[in-house]
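A short worksheet on the structure shown next.
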Protein chains: 4
Amino acid sequence: MPKPASQPPAPSPATSSRRTPARARGHLRQKLKTAYRDAILDAAEGLLARRGFEETKMSAVAEAAGVATGTVYNYFTGQEELFEAVMERCRDKMAATLAPAMSESDPMRRLKAIVTCLFKFVDGHRELAMIRQRNAARGSTRLARHEDEEEAVDHVTKALIATVDEAQQSGALRNDIDPLLLSGSLSGLIEAHFVHWLQRGGDAPLADQASNILKIFQEGASTP
Amino acid sequence: MPKPASQPPAPSPATSSRRTPARARGHLRQKLKTAYRDAILDAAEGLLARRGFEETKMSAVAEAAGVATGTVYNYFTGQEELFEAVMERCRDKMAATLAPAMSESDPMRRLKAIVTCLFKFVDGHRELAMIRQRNAARGSTRLARHEDEEEAVDHVTKALIATVDEAQQSGALRNDIDPLLLSGSLSGLIEAHFVHWLQRGGDAPLADQASNILKIFQEGASTP
Amino acid sequence: MPKPASQPPAPSPATSSRRTPARARGHLRQKLKTAYRDAILDAAEGLLARRGFEETKMSAVAEAAGVATGTVYNYFTGQEELFEAVMERCRDKMAATLAPAMSESDPMRRLKAIVTCLFKFVDGHRELAMIRQRNAARGSTRLARHEDEEEAVDHVTKALIATVDEAQQSGALRNDIDPLLLSGSLSGLIEAHFVHWLQRGGDAPLADQASNILKIFQEGASTP
Amino acid sequence: MPKPASQPPAPSPATSSRRTPARARGHLRQKLKTAYRDAILDAAEGLLARRGFEETKMSAVAEAAGVATGTVYNYFTGQEELFEAVMERCRDKMAATLAPAMSESDPMRRLKAIVTCLFKFVDGHRELAMIRQRNAARGSTRLARHEDEEEAVDHVTKALIATVDEAQQSGALRNDIDPLLLSGSLSGLIEAHFVHWLQRGGDAPLADQASNILKIFQEGASTP
DNA sequence: CATGAATGAGGCTTCATTCAT
DNA sequence: AATGAATGAAGCCTCATTCAT
């Protein structure tokens with residue numbers, strides 16, 4: 001509706017020359033901008049998860065988002081920034097997902113809560129989860145490439161490390177292993193379950209397996 | 001060094017184009033071909049490990065191998081086949097490395113032998129190992145991509161699965177977990193150690209940590 | 001400042017959409033239109049002088065003018081017409097600047113007056129002057145491009161040609177040289193002084209040098 | 001002729017396995033490379049002169065040179081380097097053209113020789129000359145842009161400045177004018193003649209007009 | 001009309017592959 | 001066969017222009 005000629009209330013005479021109040025229009029614009037931005041991010045996220053970083057062309061992202069190629073560049077300066085934004089949003093969502101788990105005070109229970117949260121997240125955001133996994137690989141290779149660059153460790157990884165460390169100090173976990181290595185081991189177990197789940201088709205809910213992981217992690221694989 | 005071909009005596013310049021009997025020449029040819037092929041594979045392997053799949057250009061491979069770009073295409077039909085050949089050779093070397101471990105009859109001892117062999121291999125072929133890790137990530141994403149394609153599971157992975165299965169049946173490992181998941185967990189632990197080792201700079205010998213892994217795998221991380 | 005439009009009294013919010021009688025409103029409209037148009041031209045002029053033709057983007061012009069990109073297209077059909085309009089306005093201003101000089105009847109005095117006017121103009125409108133110089137180069141190359149296109153010779157150039165011609169016929173200037181070439185020579189001298197002035201930083205008033213130019217033009221560079 | 005099977009002289013048995021002697025082949029390659037490079041430079045030169053810097057697309061250069069787009073990038077890293085190379089070759093040719101004039105010891109005669117050389121050059125290389133002129137404009141605008149950048153003054157300009165300076169010190173040219181301004185004035189005169197010549201169609205030989213220029217420069221335009 | 005984001009044609013550049021020598 | 005330059009398809013990005021609000 002471009003021209004609602006009658007302005008019944010006309011709240012403020014000063015702005016009466018504008019058909020739509022500036023504030024409302026700005027709000028609309030803002031919403032539209034966010035919608036576009038999100039659509040692009042969503043499209044990129046899906047493609048990144050499905051095809052990987054190198055196979056994700058800007059034009060494909062634009063098409064998937066239902067916009068023109070140039071539009072993408074109105075929201076992101078370039079490919080790198082777009083992908084980075086996807087990763088960041090991914091990290092943010094993961095961090096948000098993790099938040100409730102972090103309030104658990106007992107370290108072992110917190111570990112379990114973390115894993116449960118993670119898997120709940122994966123159940124709801126398979127694509128994001130796949131990106132995260134890819135990026136983990138990317139991360140470790142980058143590490144090999146520029147061994148001195150920034151750490152950029154995942155929020156989740158950090159949480160695991162801290163919690164494992166705490167559990168070791170509280171005597172709940174064995175003390176004869178570098179906490180970094182131990183938390184890495186837990187990460188490896190988590191990823192193994194994730195991969196296993198993917199290979200199974202990703203149908204069954206993953207969250208149920210959190211206790212499985214911790215069972216293995218805590219008790220080991222030997223016959224009890 | 002693509003040209004180790006020794007030129008025997010070369011009796012007379014006039015007949016030099018037919019110095020060698022046909023059979024011997026064929027043999028020489030064969031050797032030369034193999035030498036070229038290997039040089040190219042070696043170069044590709046190094047670059048793949050160092051720069052990754054997407055950053056490894058055919059011209060760079062050629063240069064690193066000391067041949068012309070076109071030559072690469074005399075030995076491989078294209079980039080994909082070349083990289084595939086590198087991966088295959090990598091898998092073969094891994095399989096060969098694994099062979100002695102497989103002769104161990106007791107499954108638990110065999111598991112430890114496998115891990116030890118793996119880490120010995122990594123100590124000696126860091127580049128190959130890095131490729132393998134990269135490819136693992138690649139593999140799992142590919143899996144997602146063409147979920148119905150070839151299995152292409154690693155020899156090592158197969159060995160682990162079979163051995164874990166055997167150990168479960170012999171009662172050495174807990175029976176309440178899918179053998180695929182259990183062996184995947186072991187793989188995850190192995191990779192976690194590998195990554196940890198990479199992050200530490202990859203200096204210390206990795207083989208020493210085989211027992212560490214199995215300790216965690218068997219006993220778990222809880223305080224004994 | 002595209003909006004100098006003073007809003008008279010604005011008697012009642014309810015009738016605010018019809019504050020002004022139609023004729024007055026038309027007048028206002030006209031003024032507003034001109035104000036916008038001028039703002040855009042001014043912005044374009046500044047950017048053209050500063051960044052050059054190829055580096056001057058429509059969006060930058062709009063921003064500098066304080067309007068939206070699309071608005072520019074309400075006043076000019078496109079980039080070419082806008083730039084052409086800038087050039088035309090530039091030519092017009094030059095012509096206006098030149099007017100007083102043209103009333104001088106003696107050709108030699110008129111030449112000096114023209115040069116003086118030119119330099120006064122440059123002193124006051126450095127940007128326009130720079131555009132004019134740029135366009136001179138552009139012009140001569142365009143000439144080469146579509147050798148048959150419009151003449152589009154500058155008003156100043158025309159004035160110089162006519163005056164030089166007159167001076168030749170009056171015997172004040174040598175007759176053995178094509179008047180076009182002779183006036184071109186004077187133009188060249190003028191431009192040389194302008195460039196020299198630019199390279200010196202463009203600080204000192206340029207108008208003082210008018211007599212220098214005419215000295216060289218009339219007497220030549222040899223020791224008197 | 002790819003396979004001249006008979007190698008009559010066979011100078012050195014060691015290289016007999018190569019059909020074509022390495023040196024000869026290298027020579028051929030070198031020649032071909034130079035031919036390509038020159039073809040590209042020539043094409044770029046023509047387009048730069050005809051269409052200008054901003055209108056000269058890489059693909060057009062390639063097409064004009066009769067090569068594929070990518071080929072251009074085998075010889076120049078990018079557009080900037082290509083254009084720079086054209087300009088450099090242009091400068092070099094100009095410098096070479098100027099060389100004989102510089103051996104003249106008397107400054108006034110040298111000035112005339114320089115102008116004559118310049119015009120001879122223009123007669124033979126109209127395109128290069130046009131590029132030079134464009135670049136002069138470009139140069140002076142660049143100057144305005146980054147007023148502090150490198151000087152990058154033309155060899156010709158330098159020669160003129162030095163010679164004019166010398167002529168002033170020898171008393172042949174008036175001393176009451178900044179030598180830079182005086183040589184600039186001469187440059188302006190030269191360019192004016194060049195432009196005039198272009199506008200006349202560039203048919204008549206330009207070199208004949210060298211004396212005209214110096215006449216004006218030395219004696220001025222007033223009736224003698 | 002003003003707005004300013006969407007559009008998409010078009011430019012520059014890269015690199016896997018081919019091919020004449 | 002080896003060579004290495006030529007090729008051109010394809011990707012990223014810019015920016016003049018359009019158009020819904």
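Chain identifiers are assigned alphabetically (A, B, ...) following the order of the sequence lines, protein sequences preceding nucleic acid strands; residue numbering begins at 1 within each chain. Atoms considered below: every heavy atom in the structure, side chains included; atoms not considered: hydrogens, waters and symmetry mates.
- We find that Lys31(D) and Asp38(D) are not joined by a salt bridge, their nearest charged nitrogen and carboxylate oxygen being 4.0 Å or further apart.
- The distance between atom CD of Glu63(B) and atom C1' of dT3(F), rounded to the nearest whole Å, is 14 Å.
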Output one line per pair: protein atom, nucleotide atom from nucleotides 10-14 of chain E, and distance, for all N/O pairs under 3.5 Å.
{"from": "dC12(E)", "atom 1": "OP1", "to": "Met58(D)", "atom 2": "N", "distance (Å)": "3.4"}
{"from": "dC12(E)", "atom 1": "OP1", "to": "Gln79(D)", "atom 2": "NE2", "distance (Å)": "2.5"}
{"from": "dC12(E)", "atom 1": "OP2", "to": "Met58(D)", "atom 2": "N", "distance (Å)": "3.0"}
{"from": "dT13(E)", "atom 1": "OP2", "to": "Tyr73(D)", "atom 2": "OH", "distance (Å)": "2.7"}
{"from": "dT13(E)", "atom 1": "OP2", "to": "Gln79(D)", "atom 2": "N", "distance (Å)": "3.0"}

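- The distance between atom OH of Tyr36(D) and atom P of dG4(F), rounded to the nearest whole Å, is 16 Å.
- Considering only heavy atoms from C-beta on, Lys57(B) comes within 4.5 Å of Glu55(B) through its side chain.
- Scanning for ring-ring contact (aromatic ring centres under 6.0 Å, His included) contacts around Tyr73(C) gives an empty result, with sequence neighbours left out.
- Nucleotide dA16(E) holds its C1' atom 16 Å from the CD atom of Glu54(A), rounded to whole Å.
- In this structure, Phe83(B) and Thr56(B) have side chains that are in contact, with non-hydrogen atoms separated by less than 4.5 Å.
- Nearest heavy-atom pair, Ala39(B) versus Ala65(B), reported as atom, atom and distance to 0.1 Å: O-CB, 3.7 Å.
- OP1 or OP2 of dT3(E) lies within a sub-4.0 Å distance of a side-chain N or O belonging to Thr71(C).
- Nearer the 5' end of DNA chain E, as judged by each residue's closest nucleotide, is the contact made by Asn74(D), out of Asn74(D) and Leu32(D).
- The shortest distance between side-chain heavy atoms of Met87(B) and Phe53(B) falls below 4.5 Å.
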| Given pairs defined as Watson-Crick or G-U wobble with both distances under 3.5 Å, what dot-bracket annotation applies to DNA chain F, with ( ) intrastrand, [ ] crossing, | other strand and . unpaired? | .||||||||||||||||||||

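- Atom-to-atom, CD of Gln30(D) to C1' of dA5(F) comes out at 13 Å; the value is rounded to the nearest Å.
- Checking dA1(F), dA5(E), dA6(E) against every side-chain atom of Lys33(A), the shortest atom distance belongs to dA5(E).
- Judged by distance alone, with hydrogens and angles left aside, the side-chain atoms of Glu127(A) form no donor-acceptor pair with the main-chain N or O of Leu48(A) at under 3.5 Å.
- Look at Tyr75(A) and you won't find any side-chain N or O under 4.0 angstrom from OP1 or OP2 of dA5(E).
- Shown here for Ala44(C) and Val86(C), the closest heavy-atom pair between the two residues is CB-CG2, 3.6 Å.
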